[in-house]
Amino acid sequence: MAVTYDKISYSEIELGLRKIINDEFRNVYIGNTFKMLGTECIKINLESSNLLMQTGSLEEREYLVNVRYYHMADTSQERVNESVKSNIDRLRKHLLDNQVSTTNKWSELQVQTINYNVEDEENDENERLHIAEFELSIVHLNGF
């Protein structure tokens, strides 16, 4: 007998988040592998989920999502650095404006941490690639 299930991880968390971010930003993609799209792009990667509460008819689960904002720019120039930081602030505010989503069954979205000037293998060979990393928590409600 085939198991019926709800498609939450991709459809309601990653894809739901991409649709929301796409309202304000271009070049948003889902994946765990970096690929630079244009001079500015955003990568969404679901990392884990934790059960918060379960009853006979409802599951409340927290999904931890890593969102990376990439911008190709020379941030040693003050005006350019200001522009990049403004876009990071704009992304944070846009996420906060969409903390609840009845379409995606989110009861809460929190921007837990923002790491600026991330340096790792993704920008090892290109000092002009600026990376900001957002750690998000999304609480999802799923009725059975």
Side-chain angles (χ1 to χ4, degrees), residues 2-55 57-75 77 79-144:
V3 175
T4 59
Y5 61 96
D6 298 311
K7 297 179 181 180
I8 298 169
S9 300
Y10 179 77
S11 299
E12 294 180 2
I13 303 300
E14 289 180 320
L15 192 58
L17 191 56
R18 183 175 75 187
K19 286 178 182 176
I20 286 171
I21 295 173
N22 263 337
D23 289 344
E24 282 292 314
F25 293 87
R26 296 181 341 168
N27 300 325
V28 180
Y29 66 95
I30 297 168
N32 57 6
T33 305
F34 168 66
K35 57 184 174 188
M36 191 67 201
L37 303 174
T39 58
E40 176 186 65
C41 63
I42 296 172
K43 178 179 76 170
I44 299 168
N45 185 34
L46 178 61
E47 294 190 337
S48 66
S49 71
N50 303 300
L51 181 65
L52 299 177
M53 179 194 64
Q54 185 173 350
T55 68
S57 61
L58 175 75
E59 178 186 60
E60 182 179 46
R61 185 168 283 277
E62 175 186 42
Y63 289 83
L64 302 177
V65 183
N66 180 280
V67 174
R68 279 195 162 195
Y69 168 80
Y70 301 95
H71 196 114
M72 195 70 73
D74 181 5
T75 54
Q77 298 177 34
R79 287 266 195 234
V80 174
N81 187 39
E82 177 185 10
S83 174
V84 170
K85 297 299 189 310
S86 293
N87 283 341
I88 293 167
D89 290 339
R90 188 172 120 231
L91 177 55
R92 180 190 56 80
K93 176 67 167 107
H94 185 60
L95 291 168
L96 294 177
D97 287 346
N98 289 279
Q99 290 180 22
V100 176
S101 171
T102 54
T103 304
N104 298 305
K105 302 178 190 167
W106 302 351
S107 64
E108 177 182 319
L109 179 149
Q110 290 184 10
V111 178
Q112 299 287 343
T113 305
I114 302 173
N115 296 307
Y116 297 87
N117 305 314
V118 173
E119 293 187 25
D120 63 16
E121 66 277 351
E122 292 177 351
N123 59 359
D124 242 359
E125 296 180 18
N126 192 339
E127 62 188 36
R128 292 176 39 92
L129 180 59
H130 182 274
I131 304 171
E133 183 174 63
F134 292 69
E135 295 173 11
L136 307 182
S137 165
I138 297 174
V139 176
H140 181 273
L141 299 176
N142 188 43
F144 303 133

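Quick note: residue numbers are just sequence positions, from 1.
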Could you tell me whether the side chain of [X] and the main chain of [Y] form a donor-acceptor pair under 3.5 Å?
| X | Y | answer |
| --- | --- | --- |
| Y29 | K35 | yes |
| H94 | I20 | yes |
| S86 | E82 | yes |
| N66 | E133 | no |

Is there a side-chain contact between [X] and [Y] (heavy atoms, below 4.5 Å)?
| X | Y | value |
| --- | --- | --- |
| R68 | V118 | yes |
| Y69 | V84 | yes |
| I13 | R61 | no |
| F34 | L129 | yes |
| K85 | H71 | no |
| L17 | N104 | no |

Partner set under side-chain contact (heavy atoms from CB on, under 4.5 Å) for I30, not counting sequence neighbours: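 In terms of side-chain contact (heavy atoms from CB on, under 4.5 Å), with neighbours along the sequence ignored, I30 is linked to Y10, E14, L15, R18, I44.
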Run the side-chain contact (heavy atoms from CB on, under 4.5 Å) test against E108 and tell me which residues pass, sequence neighbours left out.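 E108: side-chain contact (heavy atoms from CB on, under 4.5 Å) contacts with Q110, V139.
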A quick test of your reading: do over 12 heavy atoms of other residues, nucleotides or ligands sit less than 6.0 Å from CD of E119?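 It does not: E119 CD has 12 such atoms or fewer within range.
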If you count heavy atoms of other groups shown closer than 6.0 angstrom to CD of Q112, is the number above 12?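 Correct, the count exceeds 12.
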D97 and K93: salt bridge (Lys or Arg N to Asp or Glu O under 4.0 Å), yes or no, with the steps? CA-CA 6 Å; D97 287 346; K93 176 67 167 107; 2.5 Å; yes
Cation-pi geometry met for R90 and F25 (6.0 Å, 45°):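 Yes, R90 and F25 form such a contact.
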Starting at [atom1] of [X], measure out to [atom2] of [Y] and round the result to the nearest 0.5 Å.
| X | Y | atom1 | atom2 | value |
| --- | --- | --- | --- | --- |
| Q99 | L136 | CD | CG | 11.0 Å |
| L52 | S107 | CG | OG | 8.5 Å |
| K105 | E60 | NZ | CD | 14.0 Å |

Pair E40-N27, side-chain donor/acceptor within less than 3.5 Å: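 Per modelled atom types, E40 and N27 side chains form no pair under 3.5 Å.
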